[in-house]
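These figures come from a predicted structure and were not determined experimentally. Each residue takes its place number in the sequence, starting with 1.
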Amino acid sequence: MSLAFEASNIQNPALGAMLLWRFTCGYVNAHPTKDGAYLPMAYVVLPMLLHKKTQIHVNGTIRASGLRGFAAKFAESKNAEQDILVALHNRSMRWRNLSTNSISLAIACGMLHLSGEGVLLPLTSVKAEAGIGEGPRELMRNAEKIGAWFAQLTPHEVGTILKVRL
């Protein structure tokens, strides 16, 4: 019972909405033409951030290393965790309801806009960190980092590097 309670505290649409908003802020800020993120990319963000072993590598990879540097960590002999990266696609599929609910909530709350072309844009980029604990703040910083990584690549490159179908 307590494990299910803990999971619902972490895997909830409100937290997901906040993280996807910060992801899109990071994406737009880092994109060469300031374009928004394609909707399918958003479905990979929460499975990367809310899965402990994947999140550890996101946190431990500097922004300048990019998505390729992040993915390379799973193949290092000291880690030998390539299976975690390969499982990202299945985790994204299992968590698509959480991602969809989080996107819907972010749009309803005026945090994100979904264009007719399927592009997510942040409606504000002001950081709201007052009263937020260090754990969620770290997740927000990591969401921005992932956004910056994705912005430097095409959706095809993101999918290939992460071994997911976007």
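- Cluster membership for L50 and V58, using ILVMFWY side-chain heavy atoms within less than 4.5 angstrom, is shared.
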Subject >> side chain to side chain contact (heavy atoms under 4.5 Å, CB included) between Y38 and L166, intermediate numbers included >> reply: CA-CA 9 Å; Y38 289 104; L166 296 177; over 6 Å; no

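- In this structure, V44 and L88 have side chains that are in contact, with non-hydrogen atoms separated by less than 4.5 Å.
- Taking the ring pair (Phe, Tyr, Trp, His ring centres under 6.0 Å) definition, one finds that H113 meets it with nothing, sequence neighbours left out.
- Taken to the nearest 0.5 Å, the CE atom of M48 stands 9.5 Å off from the CG atom of N142.
- Under the side-chain hydrogen bond (donor to acceptor under 3.5 Å, both in side chains) criterion, S92 pairs with no residue at all, not counting sequence neighbours.
- The shortest heavy-atom contact between P122 and C25 is CB-SG, 3.7 Å.
- When each of E81, K73, H51 is tested with H57 by the rule side-chain hydrogen bond (donor to acceptor under 3.5 Å, both in side chains), just one qualifies, namely E81.
- I84 and F74 make their closest contact through CG2-CE2, 3.7 Å (heavy atoms, listed as atom of the first residue, atom of the second, distance).
- Note on residues 29-58: no pairs pass salt bridge (charged side-chain N to carboxylate O under 4.0 Å, His left out), not counting sequence neighbours.
- Annotation: the span from L67 atom CG to L162 atom CG amounts to 4.5 Å, rounded to 0.5 Å.
- Residues E138 and N59 are in side-chain contact: their nearest non-hydrogen atoms beyond the backbone lie under 4.5 Å apart.
- With values rounded to the nearest 0.5 angstrom, W21 atom CH2 is found 14.5 Å from S102 atom OG.
- In terms of modelled atom types and a separation under 3.5 Å, the side chain of K145 and the main chain of A64 share no donor-acceptor contact.
- Residues forming a side chain to side chain contact (heavy atoms under 4.5 Å, CB included) with T100 (at least two apart in sequence, or on another chain): Y43, S104.
- Between L120 and A42 the shortest heavy-atom distance is CD1-CB, 3.7 Å.
- One finds the CG atom of N12 at 10.5 Å from the CG atom of N101 (value rounded to the nearest 0.5 Å).
- Residues forming a side chain to side chain contact (heavy atoms under 4.5 Å, CB included) with N29 (at least two apart in sequence, or on another chain): none.
- The two residues R22 and A143 have their closest heavy-atom pair at CB-CB, 4.1 Å.
- Looking at R91, its side chain does come within 3.5 Å of a backbone N or O of P47 through a donor-acceptor pair.
- Between L49 and Q55, the shortest heavy-atom contact is O-CG, 3.1 Å.
- For E134, the salt bridge (charged side-chain N to carboxylate O under 4.0 Å, His left out) partners are R137, R141, not counting sequence neighbours.
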Side chains of residues 146-156: which donor-acceptor partners sit under 3.5 Å, not counting sequence neighbours?
from: W149; atom 1: NE1; to: R63; atom 2: O; distance (Å): 3.0
from: Q152; atom 1: NE2; to: A30; atom 2: O; distance (Å): 2.6
from: T154; atom 1: OG1; to: E157; atom 2: N; distance (Å): 3.1
from: T154; atom 1: OG1; to: E157; atom 2: OE1; distance (Å): 3.4

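- Looking at residues two or more places apart in sequence or on another chain, you find a side chain to side chain contact (heavy atoms under 4.5 Å, CB included) between V86 and Q82, K163.
- Atom CG of L46 sits about 12.5 Å away from atom OG1 of T54, to the nearest 0.5 Å.
- Between the CG atom of L114 and the CG atom of L121 there is a distance of 9.0 Å, given to the nearest 0.5 Å.
- The two residues M41 and V158 come nearest to each other via the heavy atoms CE-CG2, 4.1 Å.
- Both M18 and I107 belong to a common hydrophobic cluster when Ile, Leu, Val, Met, Phe, Trp and Tyr are linked at side-chain heavy-atom distances under 4.5 angstrom.
- In the hydrophobic cluster analysis, where Ile, Leu, Val, Met, Phe, Trp and Tyr join through side-chain heavy atoms closer than 4.5 angstrom, L20 is grouped together with L15.
- In this pair, Y27 and F23 present their aromatic rings tilted. The plane angle is within the 30 to 60° band.
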